[in-house]
Amino acid sequence: MSGPTRYRDLGALAVGPAAFGFTFGVVADTAGLPLTMVVAMSTFVYAGASQFAALGVLASGGSAAAAVATAMLINARFVPLGLAVAPKLQGGRLQKAVGAQLLVDPSAALAMGSSDSQQAHRDFWRGGLLLYGVWVATTLAGALAADVLVDPYALGLDAALPACFLAMVLPWMRRRAPRRAALAGAAIAIAVLPVGPASVSIGAATLGCLAAVGAMGRDGDPSAPGEGP
Amino acid sequence: MTWLTIATLAVCTYALRLAGLVANRLPLPVALRELLDVLPAPLLAALVVVQAVDTPQGPTLDARLVGLLAAGLVLWRGGSLAVVVVVAAGATAIARALGMP
């Protein structure tokens, strides 16, 4: 791929994160976060699923420690993603330190998708910067739009968060090992929720990984899917 | 949400990002890599469940489930995330307008 196809691909790649970022802005604002915090989260944390998760744990009455722990468990995938992308990135320490902040699922996928290492390096930076800009801008737009919306509850906006999580978990259901882990995790959460706080039921769901142990290595492609940052 | 929580989230997330980039020469056990690969799946699945039924007063079945069902249908038909979110919120709003909690 080269030329116009490449740019179109980058644009298409940004559509999902744009909708996701806008939703985060709306949901975070609806949850009562001030505008500065909403934008700061997207600028400095810049990891959509974990931003939602931290918000979700806190909204469910969990502690800050539980929110951070849940978010970090979700972001633990950045370690293998970074390991996979590292050989494709050129440049010195400073470039690597800045590039690290641009590491998200779609930018990693771009870098891993090119066999030519110069192309991979270019794609990672172009795509990474575009996705970063789109994410912060759409978050801000969503938070501003949420102020205009009247009654978020009557508008059903509290259903946007579980719907986003559903959209994010579905790509994982295609492969056997993560599918088993996801189903086990959901079952654990359902079992724990009536007797413990939400953050505990989310934390306990990590044990669902054990259900995948027997199914690992049978699916071929080990790269993790990802809709947004 | 406090500024300290946001700062902690940001620093820890950045550390995870940088860790993989600078440690690519270290030999990681295959089992550990596979576990890290799979970890988001059960967490996201649990978040679907919790966010769909949890309230500060405990788990409740309400109009959010209608929205989630509608979202599932849109996703099954290959709809984009924007459509999924609009349909989920719309279906929930309609269910509430019809009297569901």
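Atoms considered below: every heavy atom in the structure, side chains included; atoms not considered: hydrogens, waters and symmetry mates. Reminder, nothing fancy here: chain letters follow the sequence lines and each chain counts from 1.
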*Given a strict heavy-atom distance threshold of 4.5 Å, which part of Ala63(B) is in contact with chain A: side chain, backbone, both, or neither?*
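Neither part, no heavy atoms under 4.5 Å.
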Tell me, out of [options], who's got the most heavy-atom pairs with chain B below 4.5 Å.
options	answer
Arg93(A), Arg179(A), Met37(A)	Met37(A)
Leu210(A), Ile190(A), Leu207(A)	Ile190(A)
Ala160(A), Ala182(A), Gly185(A)	Ala182(A)
Ile188(A), Val169(A), Val192(A), Leu170(A)	Val169(A)

*Taking everything shown except Trp76(B) itself, do over 12 heavy atoms lie less than 6.0 Å from its CH2?*
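No.
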So do [Y] and [X] actually touch side chain to side chain, heavy atoms under 4.5 Å?
X	Y	result
Met41(A)	Phe24(A)	yes
Phe124(A)	Lys88(A)	no
Arg96(B)	Arg64(B)	yes
Met173(A)	Leu183(A)	yes

Given that the side chain runs from C-beta out, which part of [X] has a heavy atom under 4.5 Å from chain B: side chain, backbone, both or neither?
X	value
Ala97(A)	both
Leu89(A)	side chain
Thr43(A)	neither
Leu58(A)	side chain
Ala163(A)	both
Ile74(A)	both
Leu33(A)	side chain

*Only counting residues at least two apart or in another chain, list the ones meeting side chain to side chain donor-acceptor pair (under 3.5 Å) with Ser42(A).*
Gln51(A), Trp135(A), Thr139(A)
*Which of the residues Ala46(B), Gly72(B), Ala41(B) is involved in the greatest number of heavy-atom pairs with chain A at under 4.5 angstrom?*
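Looking at each option in turn, the highest pair count goes to Ala41(B).
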_I'd like to verify something: which residue of Gly90(B), Ala89(B), Ala97(B), Ala7(B) has the highest number of heavy-atom pairs under 4.5 Å with chain A?_
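Highest number of pairs under 4.5 Å: Ala89(B).
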_Using the side-chain contact (heavy atoms from CB on, under 4.5 Å) criterion, which residues pair with Leu73(A)? Sequence neighbours excluded._
Thr206(A), Leu39(B), Leu43(B)
*If the plane angle is over 60° it's perpendicular, under 30° parallel, otherwise tilted; pick one for Tyr132(A) and Tyr46(A).*
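Correct class here is perpendicular.
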*Ignoring hydrogens and angles, state whether a donor on the side chain of Thr8(B) or Thr5(B) is under 3.5 Å from an acceptor on the partner side chain.*
no
